[in-house]
Asks: 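Would you mind keeping the following structure in view while I ask a few things?
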2 protein chains.
Amino acid sequence: MTTISEVAKAAGVSVSTVSHVLNKTRYVSPEKVKLVIESVEAIGYIPNTVARSLKLSSTGTVGLAISAISNPYFSDIICAIEAECSKRGLIAFLCDTQDDPVRELELIQHLHQRRVDGIILAPSGDPKKALDYLIRSDLPCVLVDRLSDNRFDQVGTDNVAAIRTLVDHLVTLHHRRVGIILGQPGFATTVERAKAFRAAMTEKGIEVEDNLISDGNRSTADATASTHRLLGLKEPPTAILASNNLAMIGAMRAIRERKLRVPADISVLGIDDFEWADYFEPRLTLMAQPCDEIGRRAADLLIERIGNKRRPRETIRLSPVLRVRESCGEAA
Amino acid sequence: MTTISEVAKAAGVSVSTVSHVLNKTRYVSPEKVKLVIESVEAIGYIPNTVARSLKLSSTGTVGLAISAISNPYFSDIICAIEAECSKRGLIAFLCDTQDDPVRELELIQHLHQRRVDGIILAPSGDPKKALDYLIRSDLPCVLVDRLSDNRFDQVGTDNVAAIRTLVDHLVTLHHRRVGIILGQPGFATTVERAKAFRAAMTEKGIEVEDNLISDGNRSTADATASTHRLLGLKEPPTAILASNNLAMIGAMRAIRERKLRVPADISVLGIDDFEWADYFEPRLTLMAQPCDEIGRRAADLLIERIGNKRRPRETIRLSPVLRVRESCGEAA
DNA sequence: GAAAAAAACGATTGCGCAAACGTTTCGATG
DNA sequence: CATCGAAACGTTTGCGCAATCGTTTTTTTC
């Protein structure tokens with residue numbers, strides 16, 4: 001591996017001249033510039049970012065600590081973050097926390113050892129230790145999706161609006177018995193959506209039975225089981241609200257297993273849009289979260305904070321949009 | 001930020017003792033070990049991986065240069081790579097080449113500057129410059145999905161088997177006029193699948209009309225347009241083979257726009273499975289690619305090569321599996 | 001009990017680079 | 001034609017660490 005001093009030797013100049021030519025950090029005469037550039041080419045010199053980072057104590061890297069990176073919701077966010085970072089000259093380390101608080105803390109410490117300039121985190125269901133560590137270490141960090149601590153910059157969906165819009169839609173179609181399949185317990189999104197559901201229903205003058213609320217669905221399999229339970233009730237709901245994409249897939253499985261027609265026998269709607277939702281039956285009525293903007297804004301906020309650690313915290317709630325299709329019909 | 005020498009001072013030992021305690025690289029008496037560990041805790045020392053990397057000239061990082069990172073096929077592969085790397089103590093930089101050869105080369109050079117230990121690349125449609133650079137720089141690299149150059153280790157799906165199985169299935173159901181929606185031109189997968197399709201059809205004694213083969217579909221929109229063209233033929237195909245997930249979404253859109261029933265009016269099948277394929281209509285007959293294993297094996301191969309640059313190259317073709325559902329019926 | 005070997009640890013160097021600091025040259029100024 | 005200042009470049013240091021080399025002390029051996 002070649003070094004800057006080999007270039008200097010080949011060009012017959014000093015290392016600082018080479019450095020200044022490469023970084024354009026001070027005036028160098030055109031002849032020497034030419035010499036340096038030719039030597040770089042001739043030798044095949046590739047600057048060593050590691051050494052540069054050590055000297056500058058800044059790496060130009062950010063850590064992405066996200067759960068379930070293959071979930072399309074998160075992969076869209078990751079894609080947007082990558083794009084924005086790339087545009088700003090940063091590069092991202094990708095880590096999957098697998099929603100394990102222990103792993104989450106370890107990953108953050110690992111990223112810290114690697115001296116990332118900042119971290120974008122989708123907090124686990126029990127993120128206290130990780131978040132405390134981040135605060136203590138004064139590492140720039142923004143939280144995405146699960147907005148669980150306003151000691152940080154945060155970007156996510158306006159879950160209250162999302163649920164309220166969905167409930168509005170349901171009530172307009174005369175649904176009163178609505179079952180909800182919530183996500184993983186502890187997640188800020190789960191908590192917010194549960195609370196928003198109760199509030200929105202109450203606002204509509206509808207009493208919410210506890211057994212219509214299904215919490216703790218960590219997987220599509222959980223969601224399937226929960227949906228079976230709801231549909232097996234003496235008085236089953238007329239509609240099912242799936243509070244995320246995994247819950248929806250799981251719910252649809254249970255509905256299929258019971259050979260129910262959507263929306264004739266049961267109405268279905270949920271949160272998280274699918275690219276194919278328009279082309280397959282039942283065509284799902286869904287709230288689309290603005291994944292691209294979430295990712296972009298998260299990266300922007302992080303870059304801002306890296307630039308100024310003392311700026312005021314921001315929490316950004318982006319509006320989701322309802323895509324009315326056909327899976328939610330009139331209540332019987 | 002604390003350093004190893006501050007720890008040494010606090011513990012009343014030398015920096016080398018601290019280093020050896022932290023890395024367990026030589027015997028240190030229990031008392032000094034205790035002193036060091038206590039000082040680390042007291043000071044809140046976090047080792048600096050950047051400095052360590054400079055000294056060791058090895059960073060413990062790998063670069064992931066992949067296109068369309070939000071495509072579920074790739075995000076599954078990325079997820080598997082991340083998992084395997086993490087298990088082996090490596091961490092991955094995530095980069096989206098966006099299938100742009102210029103960007104591809106720049107990203108690889110950038111990763112090289114960062115002194116990644118190796119690279120996993122899904123080559124673009126015109127990867128020559130990038131691949132030549134990789135060879136010249138002697139950077140460990142494995143190619144995934146698009147197996148375009150056996151100067152490298154490679155891992156992907158056995159596309160010949162995939163297409164042959166699909167064609168077998170079609171012929172069993174008496175389809176003879178089959179339209180195929182191919183992916184992006186230039187991709188090794190596209191080329192292989194096109195060739196395999198012609199070969200498999202010929203093997204069955206079926207002549208393939210050129211206008212049933214639709215190349216150059218870079219997006220779902222392209223695939224929709226291509227499908228419209230196929231369906232608008234005087235003598236349209238009785239079945240459509242979508243050669244990847246984007247092509248399938250696009251094809252289904254066109255089919256819906258024409259209000260055709262699947263499989264009554266037109267049969268459909270393709271490559272790339274979807275998690276929801278069992279629960280929505282039409283239930284798609286698909287070849288599932290082994291994304292998890294592709295990712296895992298790619299990471300394994302890369303780690304092997306990092307360990308021994310002179311080992312023989314390997315090309316691994318993994319078998320896909322056909323999931324027969326209902327979208328492909330008997331030909332009219 | 002002297003020599004040798006082993007045990008335990010410390011001082012120092014160099015990884016590749018950016019930039020602070022220093023030096024030389026040359027034209028402008030009084 | 002001395003003096004100054006600016007232009008152009010070189011010398012050197014230190015970022016934090018691993019590990020080589022070296023030192024001191026203790027233990028073993030005959």
Side-chain angles (χ1 to χ4, degrees), chain A residues 1-40 43-61 89 109-117 137, chain B residues 1-40 43-61 89 109-117 137:
Chain A
M1 200 88 301
T2 58
T3 73
I4 204 174
S5 73
E6 295 174 40
V7 175
K9 193 176 300 172
V13 301
S14 71
V15 290
S16 44
T17 296
V18 177
S19 174
H20 283 116
V21 168
L22 296 178
N23 299 311
K24 304 190 201 306
T25 37
R26 85 177 173 195
Y27 177 82
V28 176
S29 65
E31 311 94 73
K32 302 238 169 188
V33 170
K34 187 153 168 286
L35 275 174
V36 168
I37 290 176
E38 284 172 359
S39 302
V40 165
I43 294 188
Y45 169 70
I46 304 290
N48 185 326
T49 306
V50 176
R52 185 168 213 273
S53 298
L54 179 61
K55 180 71 193 174
L56 296 181
S57 52
S58 150
T59 54
T61 60
Q109 289 173 335
H110 184 187
L111 291 168
H112 191 192
Q113 292 193 189
R114 290 201 173 268
R115 297 298 189 269
V116 293
D117 293 339
S137 60
Chain B
M1 198 89 300
T2 58
T3 73
I4 205 175
S5 73
E6 294 174 42
V7 176
K9 193 176 300 174
V13 301
S14 71
V15 288
S16 33
T17 295
V18 177
S19 174
H20 283 116
V21 168
L22 295 178
N23 299 311
K24 303 190 201 306
T25 37
R26 84 178 175 197
Y27 177 83
V28 176
S29 66
E31 311 94 70
K32 303 236 168 185
V33 169
K34 185 151 170 287
L35 274 174
V36 168
I37 291 175
E38 284 171 359
S39 302
V40 165
I43 294 188
Y45 169 70
I46 304 290
N48 185 327
T49 307
V50 177
R52 185 167 212 274
S53 298
L54 180 62
K55 180 71 192 174
L56 297 181
S57 52
S58 150
T59 55
T61 60
Q109 290 174 333
H110 184 187
L111 291 169
H112 191 193
Q113 291 193 189
R114 289 201 173 269
R115 297 298 188 268
V116 292
D117 293 339
S137 60

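Computed from a predicted structure; not experimentally measured. To find a chain, count down the sequence lines: A is the first, B the second, and so on, and within it residues start at 1.
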Asks: At their closest point, which heavy atom of B/I46 faces which heavy atom of B/T2, and how far apart are they?
Replies: N-OG1, 3.7 Å
Asks: Please test B/R52 against B/N23 for side-chain contact (heavy atoms from CB on, under 4.5 Å), starting from the C-alpha separation and ending with a verdict.
Replies: CA-CA 11 Å; B/R52 185 167 212 274; B/N23 299 311; 3.3 Å; yes
Asks: Do you know which two heavy atoms are closest between A/V7 and A/V36, and how far apart they sit?
Replies: CG1-O, 4.2 Å
Asks: Give the B/S/- string for nucleotides 13-21 of chain C, one per nucleotide from 5' to 3', where a protein heavy atom under 4.0 Å of the base yields B, of only the sugar-phosphate yields S, and otherwise -.
Replies: -BBBBBB-B
Asks: A side-chain contact here means heavy atoms from C-beta on lying under 4.5 Å apart; do B/Y45 and B/V18 qualify?
Replies: no
Asks: Indicate the atoms forming the closest heavy-atom contact of B/V116 with B/T59, along with that distance.
Replies: CA-OG1, 3.8 Å
